Each structure stands twice: as C-alpha cells, then as structure tokens.
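Notes follow the structure.
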Amino acid sequence: MEAHGLLEEIDILTVLVNFIDGTQPPYVGDQRPKYDDFLDLPHRELWLYQSCASHGCSPSEPPPPENKPGQGWPSYMVDRSAAKARGMQWLDFINGASGELYYQTVGLLYTAWTTQFRFNGNGDGTLFYPGLPSIIGGTTEIPLPSIRMKLIRQGMQDYEWLKLVSDAGDPAYARAVARKLIPHAWAVPDDGEAFDRARLQLIRRYLQLCRDRATAP
C-alpha cells in the first residue's frame, strides 16, 4: 500500500485481529502503534476483523495459537466457548477500533440446522438460522439469531460501557478494566462471569463519575 503511494486514498484500514497483537512472526506482540501515523491523517478509521485464522482455515494447517493451553482468540464459532464470542468488542476498544468487519452472516443459512461447517469452522460466516414454518411452526419465514449473535450484542453493550466511562472522564480506568480482562488479543478468557464482573466495575465507575459531576461546585 505505502510502496504504491495508496495510503492517502484509503479511509478505513481493516486489520485481522491475529495481526494486531499476534503470536507468530512478523506480528508478534502489540502492532497497534504501527497504525498511529495513518490514524493521524484526517477522517481515517481503524477496524478489526476476525476469520478462520483464529481456528485454522484448513485441516492441513498446523494448529493455530488458539489451540495452545491458556490462549484463545475471539471467535464466533459454534464450538468455541461462549465468552470467546463476546471478546471482540473489548479488543475494538483496547485498540481504538471504530468498527468491525465480519465477512458474512448467512453463508450456510439454508443448511444451518444440519451443518454450518465452512472454512474448517462450525459457524464460520453463519450467525442466523432459517426460521421456516416447517421447522418452527407458524406461517411466516423469519430469520432466527444464533446465541452467538446475542453474545456479540453483549460484547457491543460492553463496548458502550467502556466508552461511557472513557467519555465521562476516566479513559485510563476503562482501559485498565479491559486490559485486565483481556491482556492480549490471543488471551480472551473462557469465563463468562469474568466479563460480567468487568462490566459491573464499569457501571459502578460510570455512576460514580456521574455523581461526582452532579455534586461538583
């Protein structure tokens, strides 16, 4: 991109989450500072993206870092822990990403009740089920959100609490809570209660900030 002089033509950079804070060369460690110069340009945004790189796109590939004990990328796969589907939005906040790209949500819509196996992952690219009358009754076809979709919504609500605390005057606290919960992009915990505890911390801090502003002279 830079070699061809295209940087000024790009408004949004979408970075694979495995490349923003990786475990494999050339992306080992925190890569976020590399995008500071781009974001200093006017009207520029950083988005994050997750894909089969988190679970291995092909059975012939070596196991990805997620499969090592104590590690785990955020994931929207059916057979990953529920907490993994809630982690992406925390990483969006930590890295200052203003958006998230997910390539498809209905990739295997019409086989979703029987198989969602795609790109070596169960659920890759499919977050909805077909609500057909023959399956759910009634007379109208409707889209049915997956539990993973509801967990993504929870992650977005978590993001809003992080932003509320930050905008209310304590961005350092919001970042500290987020970093304690997810110290690295490859270390999203499987403990759903840890997410709930972190959200409660944010809610309490936000209410305290609101009280402090209300009582300020």
Side-chain angles (χ1 to χ4, degrees), residues 1-55 57 64-66 71-76 84-107 119 124-125 127 148-149 151-188 195 198-199 202 205-206 209:
M1 180 179 66
E2 291 178 294
H4 295 283
L6 297 175
L7 187 62
E8 293 187 0
E9 305 300 322
I10 296 174
D11 297 322
I12 299 173
L13 278 180
T14 302
V15 181
L16 191 65
V17 68
N18 314 77
F19 295 168
I20 201 76
D21 179 18
T23 61
Q24 302 296 310
Y27 305 107
V28 175
D30 185 7
Q31 307 296 308
R32 174 58 179 78
K34 294 181 178 180
Y35 301 97
D36 286 344
D37 289 344
F38 171 80
L39 291 172
D40 285 340
L41 298 172
H43 310 300
R44 297 307 196 271
E45 297 180 29
L46 174 69
W47 289 20
L48 292 185
Y49 175 63
Q50 65 168 280
S51 71
C52 58
S54 294
H55 57 261
C57 297
E66 181 176 15
Q71 298 185 0
W73 302 101
S75 176
Y76 295 159
K84 291 289 194 289
R86 192 174 169 180
M88 186 69 170
Q89 292 72 40
W90 291 77
L91 292 171
D92 292 336
F93 179 83
I94 288 169
N95 290 285
S98 56
E100 179 186 333
L101 173 66
Y102 192 58
Y103 78 106
Q104 197 169 17
T105 62
V106 292
F119 299 115
D124 199 342
L127 296 175
R148 292 167 293 139
M149 192 67 154
L151 289 162
I152 294 168
R153 179 182 63 191
Q154 279 192 297
M156 291 180 176
Q157 292 168 343
D158 295 336
Y159 179 96
E160 292 301 322
W161 281 112
L162 288 161
K163 191 172 188 306
L164 280 170
V165 171
S166 182
D167 292 349
D170 202 348
Y173 184 87
R175 286 189 59 81
V177 170
R179 275 298 189 191
K180 183 178 179 181
L181 179 67
I182 306 180
H184 300 283
W186 42 264
V188 178
F195 282 86
R199 184 195 279 200
L202 295 168
R205 180 58 179 149
Y206 177 71
L209 290 166

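For the numbers below, each heavy atom of this structure counts, side chains included, while hydrogens, waters and symmetry mates do not. Position 1 is the first residue of the sequence, and the numbers go up from there. None of the values given here were measured: they were computed from a predicted structure.
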Nearest 0.5 Å, what's the [atom1]-[atom2] distance between [X] and [Y]?
| X | Y | atom1 | atom2 | value |
| --- | --- | --- | --- | --- |
| Leu162 | Tyr206 | CG | OH | 13.5 Å |
| Tyr159 | Leu202 | OH | CG | 13.0 Å |
| Trp73 | Thr23 | CH2 | OG1 | 5.0 Å |
| Ile12 | Trp47 | CD1 | CH2 | 4.5 Å |
| Asp21 | Trp186 | CG | CH2 | 7.5 Å |
| Met88 | Ile182 | CE | CD1 | 10.5 Å |

Residues which pass salt bridge (charged side-chain N to carboxylate O under 4.0 Å, His left out) with Arg32, listed by chain and number, not counting sequence neighbours: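 Checked Arg32 against salt bridge (charged side-chain N to carboxylate O under 4.0 Å, His left out); matches are Asp36.
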If I compare all heavy atoms of [X] with all of [Y], which pair ends up nearest, and what's the gap?
| X | Y | value |
| --- | --- | --- |
| Ile94 | Ala178 | CG1-CB, 3.7 Å |
| Ala198 | Leu181 | CB-CD2, 4.2 Å |
| Leu48 | Leu91 | CD1-O, 3.8 Å |
| Tyr35 | Leu13 | CD2-CD1, 3.9 Å |
| Val165 | Tyr173 | CG1-CD2, 4.1 Å |
| Ser54 | Pro74 | OG-O, 3.7 Å |

Contacts of Glu100 that satisfy side-chain hydrogen bond (donor to acceptor under 3.5 Å, both in side chains) - sequence neighbours left out: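 By the side-chain hydrogen bond (donor to acceptor under 3.5 Å, both in side chains) rule, Glu100 matches Tyr76, Gln89.
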Should [X] and [Y] count as side-chain neighbours, where that means a heavy-atom distance under 4.5 Å?
| X | Y | answer |
| --- | --- | --- |
| Val188 | Trp90 | no |
| Tyr102 | Ile152 | no |
| Arg86 | Arg199 | yes |
| Gln31 | Val15 | no |
| Gln50 | Leu16 | no |

Tyr27 side chain to Ile20 backbone, donor-acceptor under 3.5 Å: no
Among Pro171, Ser98, Ser166, side chain to side chain contact (heavy atoms under 4.5 Å, CB included) partner for Phe93: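 Among Pro171, Ser98, Ser166, the one meeting side chain to side chain contact (heavy atoms under 4.5 Å, CB included) with Phe93 is Ser166.
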Salt bridge (Lys or Arg N to Asp or Glu O under 4.0 Å) pairs, two or more places apart, involving residues 166-188: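 As it turns out, the salt bridge (Lys or Arg N to Asp or Glu O under 4.0 Å) pairs with a partner in residues 166-188, which skip direct neighbours, are Lys163-Asp167, Asp170-Arg205.
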